[in-house]
Amino acid sequence: MTPEQRRHLIYAPLRIWLGLCILLGLTATYAYLPHVPIKPIISLLIAAAKGALIVLFFMQLRKAEAIVRLAALVGVIWASFLFLFSFADFLTR
Amino acid sequence: MSSDIIIHEPFETAARQKVAVPFGVWSFLATECLFFGGIFLFYAYARWHGGEAFSAGAKETDIWFGSANTFILMTSSLTMAIAERATKEGLVRLARWMLWATIGFGLAFLVVKGFEYRKDISEHLIPGPHFKLEQGPAAQFWAFYWTVTVTHAIHLTIGLGVVGRLLWIDRRGDLAPHATTAEGTALYWHLVDIVWVILYPLLYLVGRP
Amino acid sequence: MSPNTQEGIVDRELRSPSYLQNGTTIRSWLLTTDHKRIGILYAMSITFFFFLGGIAATLIRLELISPTGLFLTNDEYNRAFTLHGIVMVWFFLVPSIPTTLGNFLLPMMIGAKDVAFPRLNLMSWYLFIAGGLLTVLALIAGGVDTGWTFYTPFSTLYSNSHVLLAAMGVFVVGFSSIATGVNFIATVHLLRAKGMTWMRLPLFGWAMYTTSLVMVLATPVLAMSLLLVVAERAFGLPIFDPRSGGDPLLFQHLFWFYSHPAVYIMVLPAFGVVSEIITCEARRRIFGYQFMVYAMVVIAVIGFMVWGHHMFVSGQSAFASLVFSFLSFVIAVPSAIKVFNWTGTLYRGQIRFSAPMLYALGFIGLFTIGGLTGLFLASIPIDVDLTDTYFVVAHFHYIMVGGSVSAFFGGLHFWWPKITGRMYSERLAQFAAISMFFGFNFTFFPQFIMGWMGMPRRYHLYAPEFQPWHVMSSMGAVVLAFGYAWPVFYLGWSLFKGQRAPDNPWDATGLEWQTRSPPPKENFDRTPVVTDGPYKYHPQDSTPHEVEQAQAPQVP
Amino acid sequence: MPPEASTLAPRIDHLMLILVGMSVLIVSLVSALLIVFSIRYRRGSTAKRGRLPEWVSREIEIGWTAATFFVALFIFWFAAALQGAQYKMPKNAMEVHVVAKQWMWKLEHPNGRREINALHVPVGVPVRLVMTSQDVIHSFFVPAFRIKQDVLPGRYTEAWFEAKEVGTYHLFCAEYCGTDHSKMTGGIVVMPRAAYARWSRGVDEHGTLAQQGAQLFRQLGCTGCHGQSARVRAPSLAGIFGRRQPMEGGGFKVADEEYIHDSILQPQKDVVAGYTPVMPSYQGIASEDDVVRLIAYLKTPNGGSVE
């Protein structure tokens with residue numbers, strides 16, 4: 001294994017994994033702190049950040065072809081239609 | 001870089017064929033995104049509508065099991081990522097080890113999940129006549145819990161199957177030319193991880209301390 | 001496009017065998033990954049389901065002749081219309097054009113050897129069969145009585161029928177749709193022949209692409225809503241149960257998020273088929289190609305944002321109803337554009353009234369009526385009165401049966417020579433097309449009137465003042481049934497005794513016509529290269545008339 | 001054409017006729033074009049087929065896109081305006097409670113008179129329907145009035161009408177609800193006011209809805225906690241209806257029919273600020289009919305303040 005390969009194969013993913021672990025610790029701690037605001041939002045934001053790390057680096061969307069990125073994006077956009085219009089009903093009853 | 005990718009029937013060029021698997025798998029992941037989107041909509045509605053009673057139900061989950069499983073699955077993602085990259089680089093030995101590790105972590109997840117289920121069952125956390133809490137939003141939380149974790153576990157089991165298939169390919173011959181297959185497998189495995197990462201705050205962090 | 005006919009004097013025997021001769025054992029069919037053979041497998045399966053659903057329709061129409069019912073009990077009637085709905089929607093209409101004509105033609109039209117994932121394609125058919133078996137099992141076990149909509153809490157807490165089996169059947173067949181969708185999207189993106197740019201894609205290709213988009217993005221939500229139904233019904237988990245604070249409307253949102261776009265899964269492919277037929281039979285370039293493409297894309301996207309118009313009386317908020325109503329009007333615009341453009345294509349053409357063309361013209365008429373009555377149902381005050389009446393039944397049959405099924409039959413005839421290598425009897429086919437058109441109108445137009453008079457749907461005992469309309473409708477159904485059954489005979493005859501088809505009997509420009517009939521396994525003897533847009537029936541700045549005159553002396 | 005028996009019906013029909021007219025126009029236009037083109041440009045005809053300049057196609061395309069868009073916008077606007085009228089509940093309407101179950105309609109007048117599968121109403125008086133279901137989703141559909149509203153379990157939905165013609169009209173269940181769905185029908189009997197007054201005087205011996213509710217309020221033991229001398233701390237219900245209640249966990253909720261319904265059957269859901277959620281659920285103890293009575297009682301000026 002060349003040093004180049006070692007960097008690409010081992011260290012880069014390890015760094016991401018470390019980031020994920022830190023975020024996991026953060027989110028669990030924050031949830032148990034007494035008297036801190038907007039807990040649900042923080043926990044979801046951290047989950048989104050973790051998801052983004054996995055998508056961009058583990059799944060290599062950062063370096064992917066345009067059409068692959070498009071496919072990835074489309075799922076999220078369409079799911080947002082589902083939420084947007086359903087809650088347009090729930091919230092205005 | 002292993003350059004000797006086999007060109008299958010419908011494809012004329014290796015470049016097109018290389019993008020086909022990630023593109024196809026990503027399209028399927030878009031499907032998965034909407035699949036889980038459906039049950040997340042149920043969660044969002046129940047949490048919004050159920051208010052405090054919903055959180056009261058969510059308090060009953062065990063964060064230790066949940067956190068341990070999040071950690072296990074994140075680590076399996078790491079080993080999977082290394083395995084996929086190693087396959088591409090032609091480092092078959094490393095890839096093989098990492099695939100075995102991934103399978104190990106996946107199984108560990110299921111075992112931990114099993115213990116968690118045992119605890120949940122012993123505490124009567126299955127909605128129904130013997131349900132521990134009030135019927136109502138708390139029961140809805142647990143309906144979500146059971147449905148989504150079982151669905152996720154089925155996804156994970158399928159994941160174990162496709163990773164196992166890679167090992168089988170390896171056993172029968174050379175893994176290196178199947179880099180795109182490894183890539184598709186890895187994408188699916190990571191998705192299963194992401195779903196869990198999103199589930200973690202929804203299941204284990206509501207209404208604490 | 002480059003026609004590579006006139007290959008010189010190549011002996012028929014020396015060329016590779018056609019896809020039909022390439023292995024004749026049952027095994028070679030059941031394990032095939034050839035998109036054309038999978039198309040045939042699908043065609044046989046959906047024909048079975050079409051007639052199964054048709055039997056249920058026959059029972060329904062017979063029963064409704066009398067206001068007090070003829071021979072069915074309440075439960076039997078409920079099971080009959082549920083079976084009709086489930087089978088026709090998921091086992092016939094949704095797969096109809098994409099999995100048969102789409103599978104067969106899409107790779108050929110874009111100059112590819114196969115779809116992007118041939119084995120996935122075969123798996124899709126097996127999933128279809130598995131889902132079909134589960135549903136047939138539900139039928140044999142005694143049937144389902146929830147209606148095809150599976151509304152909760154009826155389906156989860158109250159129904160005493162085999163909801164689980166049917167829901168699982170539909171769940172499984174959903175994944176066959178998704179597999180087809182993923183496959184087609186990748187195929188169109190990655191396997192277009194050299195020179196086949198997006199704006200040179202035949203409209204049928206665009207139709208398959210947009211349909212697949214809807215399949216991939218809508219079907220999973222149906223899968224999840226059925227999974228939730230199963231969880232509540234089988235395991236007693238309170239999900240939609242109102243006693244635990246669940247909302248029955250949540251199910252409806254999830255269900256219609258799929259089921260409204262599903263209407264576009266059924267009708268977008270029809271747009272594609274009709275565009276191919278009309279251009280060829282009128283010898284005319286499509287009027288406004290780009291607008292036709294954009295219209296389909298807009299329909300596929302906005303189609304996801306209008307589902308709430310099924311829920312105007314459901315207890316949905318007034319604000320949400322208003323938003324959904326507005327978007328439903330917006331989506332009428334691209335549909336109207338398409339109708340006008342097909343009409344415009346006929347202008348200054350050289351129109352031939354072959355059977356496919358008759359089906360296509362019928363499609364335009366019926367689709368127009370179906371689309372316009374859609375505007376009635378998009379207007380909230382009128383929908384409040386008309387929803388859940390026969391007006392709605394008539395409306396969606398105009399779109400899905402008058403529209404899609406006409407187009408499917410049109411396409412089946414149009415590409416029959418290519419698929420089977422045999423010609424059919426033009427006269428008999430024209431007769432079938434005409435009887436289908438009239439039979440359809442006799443069956444469903446009275447239903448608009450009785451719906452407007454207040455006849456609720458899913459009733460088999462009804463007030464006597466509706467009887468004349470029901471009798472008219474049932475009589476029309478006889479003609480319609482003939483229109484559907486008749487092609488089985490002459491097409492069946494053509495399979496064995498029909499004249500051998502030339503490679504390009506209609507003198508069409510699509511790539512699929514530039515190869516042999518029936519095509520070889522790898523589709524083309526020589527990989528095609530595309531140099532121009534589709535529908536090159538006359539040069540861009542010329543007319544069919546001039547072409548005709550220029551060609552006249554050469555025609556023997 | 002079905003009878004137009006409510007004040008709303010002619011307005012709906014007006015819109016309907018506009019749409020029918022427009023549809024006939026468009027269908028005739030399209031079919032006329034199809035037929036004319038088909039005949040004129042049939043293969044081998046001698047009709048001239050000159051060149052089409054490129055701009056024609058684009059101009060026409062943009063033209064009819066814009067035209068259809070404006071037609072659609074116009075109809076939407078027209079329909080939305082009418083929708084406003086349809087949704088606005090008239091004040092001082094007579095209130096009728098509707099409880100639907102498989103497979104019958106139970107209708108309860110404010111004076112306590114109960115009917116099954118029939119509803120007697122006076123002509124010329126607005127009637128507000130407050131509806132709920134005991135089991136599955138049903139739908140209250142009176143074609144002659146052009147009204148339809150789904151009736152949901154666990155929720156109240158509303159509809160209103162003002163009958164303007166004396167007569168008997170169909171009542172249908174329009175949402176499929178199981179085996180006897182097509183038998184879940186009834187009649188709306190619209191009577192002259194005097195006749196209605198005579199009919200409604202044949203009151204039930206049980207008293208008005210509110211009186212029955214007061215009785216239930218005691219029988220079910222509500223006074224034990226919500227009464228003034230109760231030992232358990234529970235919010236007083238005197239004059240509760242329509243009041244804004246502060247919620248535990250923040251926010252306010254208006255105590256409407258829906259809120260009271262849920263507070264009886266799912267008391268854990270919306271707990272008033274400052275109270276502990278000790279109230280048991282009355283699911284299975286109080287039927288939907290009972291809840292209707294309790295609400296009628298709590299709506300009266302001194303409802304909930306009994307000792």
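To find a chain, count down the sequence lines: A is the first, B the second, and so on, and within it residues start at 1. The analysis underlying the following values was restricted to heavy atoms, covering all of them including side chains, and did not include hydrogens, waters or symmetry mates.
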* Audit row: C/Phe340, C/Phe287, side-chain contact (heavy atoms from CB on, under 4.5 Å) steps and yes/no -> CA-CA 9 Å; C/Phe340 291 138; C/Phe287 192 95; over 6 Å; no
Counting only non-hydrogen atoms closer than 4.5 Å, does [X] touch chain C with its backbone (N, CA, C, O), its side chain (CB onward), both, or neither?
{"X": "D/Met22", "value": "side chain"}
{"X": "D/Val71", "value": "neither"}
{"X": "D/Leu152", "value": "side chain"}
{"X": "D/Leu8", "value": "neither"}
{"X": "D/Gln266", "value": "side chain"}
{"X": "D/Gln102", "value": "side chain"}
{"X": "D/Arg155", "value": "side chain"}
{"X": "D/Cys177", "value": "backbone"}

* Which value, rounded to the nearest 0.5 Å, describes the distance between C/Leu377 atom CG and C/Phe391 atom CZ? ->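 Reported value, rounded in 0.5 Å steps: 5.5 Å.
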* Asked: Rounded to the nearest 0.5 Å, how far does OH of C/Tyr294 lie from NZ of C/Lys338?
  ->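 C/Lys338 atom NZ to C/Tyr294 atom OH measures 12.5 Å (nearest 0.5 Å).
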* Let me see the working for C/Trp342 and C/Phe363 under ring-ring contact (aromatic ring centres under 6.0 Å, His included), right down to the final yes or no. => CA-CA 11 Å; C/Trp342 286 317; C/Phe363 168 90; 5.5 Å; yes
Between [X] and chain D, with a heavy-atom cut-off of 4.5 Å, which part of the residue counts as in contact: side chain, backbone, both or neither?
{"X": "C/Arg79", "value": "neither"}
{"X": "C/Glu76", "value": "neither"}
{"X": "C/Ser244", "value": "backbone"}
{"X": "C/Ala318", "value": "both"}
{"X": "C/Ser159", "value": "neither"}
{"X": "C/Val384", "value": "both"}
{"X": "C/Phe353", "value": "side chain"}
{"X": "C/Phe376", "value": "both"}
{"X": "C/Phe81", "value": "side chain"}
{"X": "C/Ser321", "value": "side chain"}
{"X": "C/Tyr158", "value": "side chain"}
{"X": "C/Thr146", "value": "backbone"}
{"X": "C/Tyr151", "value": "side chain"}
{"X": "C/Leu249", "value": "side chain"}

* To do: Can you spot which of C/Trp148, C/Phe150, C/Phe240 makes a ring-ring contact (aromatic ring centres under 6.0 Å, His included) with C/Phe255?
  =>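 Only one option passes, and that is C/Trp148.
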* Intermediate values then yes/no, side-chain contact (heavy atoms from CB on, under 4.5 Å), C/Thr389 and C/Met455 -> CA-CA 6 Å; C/Thr389 68; C/Met455 169 78 205; 5.8 Å; no
Quick check on the interface: out of [options], who has the most heavy-atom pairs with chain C under 4.5 Å?
{"options": "D/Met184, D/Gln149, D/Met16", "answer": "D/Met16"}
{"options": "D/Ser31, D/Ala9, D/Gly178", "answer": "D/Gly178"}
{"options": "D/Ser139, D/Ser281, D/Gly154, D/Ala79", "answer": "D/Ala79"}
{"options": "D/Phe69, D/Phe172, D/Trp64, D/Phe78", "answer": "D/Trp64"}
{"options": "D/Ala144, D/Ala80, D/Ser38", "answer": "D/Ser38"}
{"options": "D/Ile147, D/Asp180, D/Leu265", "answer": "D/Asp180"}

For each of [options], tally heavy-atom pairs with chain D at distances under 4.5 Å, and name the one with the top tally.
{"options": "C/Gly371, C/Gly365, C/Gly245", "answer": "C/Gly245"}
{"options": "C/Gly288, C/Ser314, C/Ala336, C/Ser379", "answer": "C/Ser314"}
{"options": "C/His460, C/Arg352, C/Met357", "answer": "C/Arg352"}
{"options": "C/Thr368, C/Ile382, C/Ile449, C/Val330", "answer": "C/Ile382"}
{"options": "C/Val339, C/Ile369, C/Asn341", "answer": "C/Asn341"}
{"options": "C/Asn78, C/Leu361, C/Thr73", "answer": "C/Asn78"}

Look only at the side chain of [X] and the backbone of [Y], and say whether a donor-acceptor pair between them is shorter than 3.5 Å.
{"X": "D/Trp160", "Y": "D/Lys88", "answer": "yes"}
{"X": "D/Ser133", "Y": "D/His138", "answer": "no"}
{"X": "D/Arg43", "Y": "C/Glu281", "answer": "yes"}
{"X": "D/Arg128", "Y": "D/Glu158", "answer": "no"}

* Asked: According to the interplanar angle, ranging from 0 to 90°, do the rings of C/Tyr390 and C/His470 count as parallel (below 30°), tilted (30 to 60°) or perpendicular (above 60°)?
  ->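 If you compare the ring of C/Tyr390 with that of C/His470, the planes turn out perpendicular.
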* Check against side-chain contact (heavy atoms from CB on, under 4.5 Å), D/Tyr41 and C/Arg348 -> CA-CA 6 Å; D/Tyr41 300 113; C/Arg348 301 187 177 185; 3.9 Å; yes
* Check against ring-ring contact (aromatic ring centres under 6.0 Å, His included), C/Tyr459 and C/Phe466 -> CA-CA 11 Å; C/Tyr459 267 42; C/Phe466 301 118; 9.1 Å; no
* To do: Establish, yes or no, whether a centroid distance under 6.0 Å links the rings of D/His181 and D/Tyr176.
  =>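 Yes - the distance between ring centres of D/His181 and D/Tyr176 falls below the 6.0 Å cut-off.
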* **Shortest non-hydrogen separation from D/Thr179 to C/Asn74 and the atoms involved** =>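 Distance-wise, the nearest heavy atoms are O-CB, 3.2 Å.
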* Establish, from distance only, whether the side-chain atoms of C/Tyr77 and C/Asp145 form a donor-acceptor pair under 3.5 Å. =>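 On atom types as modelled, these side chains do not qualify, holding no pair under 3.5 Å.
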* Asked: Is the closest side-chain donor-acceptor distance between C/Glu465 and D/His170 under 3.5 Å?
  ->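 Yes.
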* To do: Decide ring-ring contact (aromatic ring centres under 6.0 Å, His included) for C/Phe329 and C/Phe326; before the verdict, give the C-alpha distance in whole Å, the side-chain angles of both, and the deciding distance to 0.1 Å.
  => CA-CA 5 Å; C/Phe329 276 105; C/Phe326 176 73; 8.2 Å; no
* Applying side-chain contact (heavy atoms from CB on, under 4.5 Å), run through C/Asp241 and C/Thr156 and close with a yes or a no. => CA-CA 8 Å; C/Asp241 185 354; C/Thr156 56; over 6 Å; no
